[in-house]
Amino acid sequence: MRNDIVCKFGGTSLANSENIKKVKNIVLGDKKKFVIVSAPGKRFKEDEKITDCLINGFNKSKSGENFENEFNFFKTRYLEIANEFNLSIDLTKDFQDLYSKLKDHTDYDYVVSRGEYFSAKLIALILGYNFLDAATFITFLDDKKVDLEISKQKFLTQIKQNQNYVISGFYGADKKGNIVTFSRGGSDISGAIVACLLNAKVYENWTDVNGFLSADPKLCKSASLIEKLNYRELRELSYMGANVLHPDCVKFLRENNIVLNLRNTFNPTCKGSLIMPDNKKLTQDKLTGIAGQKGFTIIHIDKFDINESLGIIAKIANIIKKYNVSIEHIPTGIDTVSVIAKTKFLSQETRQAMINEIYKEINPDRLDVIENVALISVVGNKLKDDINSEKQVFDALYSSNTKIITLNKGADGISVIFAVPEKTFEKTIDFLYNSLFN
Ligand code: ASP
């Protein structure tokens, strides 16, 4: 149903009745038919998210501790919502089921999924919509992957034309009907799956931010909203630390060419960011964004004619793989290969063992380890074929007076990635942002 809009509301949007009223206005004001909900999030800074409370309760029960506090906290939060909206619903049986599953502490997924289950039940009543339990259609295979075909069949047989639905996020069920949850933040994925099953026109993800910003506002005060970008650009920015959405959610939407609209429940007049399929050509008058991360280490290998030695890069990569370290980048030269990896994967032991093995297998002329490296990426479709944009980036980079350790134009041509010393990270991002985006 190409004209349908599927919308998902996150935990902050559902944290208390005041916020839920905002959700109600958005949904009913725009007659949205399919609504996916998270479990209530924090109402204030020190508050506990419902999902965290369930996880704590489960862990306490498992280690023989008392979980009454967690159970009561859970119960009170939903009863408060039910009371404030004067809902006539009897949740006794659902609470009892949760209590026994907590006590029994064998079914983790069931317990942690209850946040979304209760949330969807109540929100459905508040909106006057049908409640649809995600366990009745989102079907997981044994490898925890979702089978879209089976899920679609089950989904389409349940939904009726001209009916509206509230669907619980974050979980589904395996073929035997046991509850299976996604990883944390997984209601984004549930929403994306429903959008794919319906072949929806747009998937709206309602959170507490206006959309994707062109830079991290903690680093660049004037970071502005990106109104339109492609999935490819979004991926480049997320990869460098600009994470707002669950990556699997993006994967489903991107593969199915569904437009994603990131919106703010607390500022609904703002149109948010639109993420368009990669084949959709956008008119963008400037670069899209800048993102970066600290915490990288470079292992720099020097060996005469390394470039010509067949299979040597594969050999280095295999050694690194043995230590479960993923490689971020491999800049190469005629006599050099540098491997850039996240420092957190390189404990003292791992690093020493790896280096010993590289010495043994590759016999380098020299090997250096460069610590405290940050990666920065400037992203924009314009970089692909607009030579002026590229020139702007390089001009700004050289005027920033930052030492550049390595520099690389991404293989798809839409990003320029470079490594700088960590201590210059903030200064460089700020300088580049002001030169390129302001
Ligand atoms: N409630 C789950 C979590 O906190 C899933 C979600 O909110 O998307 O991770």
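We count ligands from 1, going down the list as the structure has it; atoms in each ligand are counted the same way.
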Worksheet item: Mind checking what makes salt bridge (Lys or Arg N to Asp or Glu O under 4.0 Å) contact with Lys321, not counting sequence neighbours?
Response: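 By the salt bridge (Lys or Arg N to Asp or Glu O under 4.0 Å) rule, Lys321 matches no residue at all.
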Worksheet entry | Donor on one side chain, acceptor on other, Ser347 and Thr350, under 3.5 Å | yes
With a distance cut-off below 6.0 Å to the six-membered ring centre and an angular limit of 45° from the axis, does [X] pair with [Y] as a cation-pi contact?
X: Lys294; Y: Phe425; answer: no
X: Lys75; Y: Phe95; answer: yes
X: Arg114; Y: Phe118; answer: no

Worksheet entry | Lys384 atom NZ, neighbour heavy-atom count above 12 within 6.0 Å | no
Worksheet entry | Sub-4.0 Å heavy-atom environment of ligand 1, residues by chain | Ser38, Thr51, Glu116, Phe170, Arg184, Gly185, Gly186, Ser187
